[in-house]
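Each remark here refers to the structure printed beneath this line.
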Amino acid sequence: ALMLSLVVAAIAVKAPEEAVFSTALMAIMVTTALTGLGLAILGLTGLGRFIQFLPHSVMGGYFSAVGWLLLVGGFQLTYASDVPEPGGWTIGEEVQRWAFWLPGLVLAVLLVLLRQRFSQSFLVPVVVGLAIPAWYAVFWACGVSPQEASTQGYLLGPFTGPLQGLALPLSSIDFASVDWSAIFANSESMASILLIAVLSLLLNVSGLGLAYKQDQDMNRELKVAGLG
């Protein structure tokens, strides 16, 4: 988001909307490609082994921050709204929001309990895969159609307007209007994104290794993430 804001700010103030959109989308694509290439190079050169020099306190702080962001993000995603301060909602609004949050909380608690009992790697995708048809079955039993559920905010879609073009990004870009100078003028931001991606990947993989008590091949994970 920071990189995109810098890119957009570097475009002329009177630039047409199509140029701003095309430049922002191209900046995302270029940054993604360069980040993938950087991860692959780090894996191929064997630099992933340096993760062993990170202190446990740094890893603990990182995972605590990620856990908090995931928790808050989960609440925001289920209702597409920010989590307010205590007392910021009326009783009616709180009841309405719990109708959105409760299914997600139930699924989260179920996953935690099942993970404590079973350690199979396919547990999460199986449970999520079963939860989706179960959700639709409950709404069908209540007489709510998918269109009504979408209107009431229970579904991610529909995606309209500029969001429709993101499904096929290349077809949405007007290459003639892309401001390449604005993109590469923020090359330091691209480098920062690569650094964040490397640290995030290595910390996540090392955390999984600690959780499952298995040694992880960091260089292999870098190559897979970069080439994938």
Side-chain angles (χ1 to χ4, degrees), residues 1-8 10 22-74 77 108 111-112 114-129 166-170 173 175 178-228:
L2 177 60
M3 185 204 67
L4 286 180
S5 64
L6 294 174
V7 170
V8 172
S22 297
T23 302
L25 198 55
M26 181 57 70
I28 295 175
M29 297 175 64
V30 170
T31 304
T32 301
L34 293 179
T35 300
L37 179 62
L39 291 174
I41 291 176
L42 290 175
L44 291 171
T45 54
L47 296 178
R49 64 182 182 275
F50 290 106
I51 188 65
Q52 62 182 315
F53 298 109
L54 285 177
H56 283 89
S57 58
V58 173
M59 296 178 61
Y62 171 80
F63 289 120
S64 298
V66 169
W68 171 252
L69 292 175
L70 289 174
L71 177 63
V72 175
L77 178 62
L111 283 172
V112 171
L114 290 176
R115 285 296 301 271
Q116 292 177 348
R117 186 175 180 85
F118 306 100
S119 59
Q120 284 79 0
S121 59
F122 57 82
L123 177 64
V124 173
V126 168
V127 172
V128 173
L166 296 180
L168 297 172
L170 289 178
I173 297 178
F175 291 93
V178 173
D179 190 340
W180 293 100
S181 61
I183 295 177
F184 290 106
N186 294 279
S187 56
E188 68 280 359
S189 298
M190 297 182 184
S192 299
I193 291 175
L194 172 60
L195 177 61
I196 293 173
V198 171
L199 291 177
S200 298
L201 174 66
L202 294 180
L203 286 171
N204 287 331
V205 171
S206 61
L208 290 173
L210 289 174
Y212 288 98
K213 296 180 174 59
Q214 295 178 354
D215 293 331
Q216 304 295 320
D217 187 346
M218 299 298 180
N219 293 316
R220 176 181 177 277
E221 297 297 334
L222 283 170
K223 289 184 286 186
V224 170
L227 298 177

Show me the side-chain donor-acceptor pairs of residues 67-74 shorter than 3.5 Å, one per line, residues at least two apart or across chains.
none

With [X] via side-chain contact (heavy atoms from CB on, under 4.5 Å) - residues at least two apart:
X    : value
S64  : none
V224 : R220
L114 : L110, F118, L123, V127
A225 : L39, L201

Quiz prompt | Minimal non-hydrogen separation, S181 against D179, with atom names | solution =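 That closest heavy-atom pairing would be OG-OD1, 2.5 Å.
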Exercise. Identify the two heavy atoms, one from T32 and one from I28, that lie closest to each other, and give their separation to 0.1 Å.
Key: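 What the structure gives for the nearest pair is OG1-O, 2.7 Å.
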Quiz item: Taking atom CG of L194 and atom OG1 of T31, what is their separation to the nearest 0.5 Å?
Solution: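 Reported value, rounded in 0.5 Å steps: 10.5 Å.
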Quiz prompt | Among L34, V198, T35, side chain to side chain contact (heavy atoms under 4.5 Å, CB included) partner for I193 | solution =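 Exactly one candidate clears the test, T35.
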Exercise. With sequence neighbours left out, write down each residue that passes side chain to side chain donor-acceptor pair (under 3.5 Å) with S187, or none if nothing qualifies.
Key: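 Partners of S187 by the side chain to side chain donor-acceptor pair (under 3.5 Å) criterion come out as none, since no residue qualifies.
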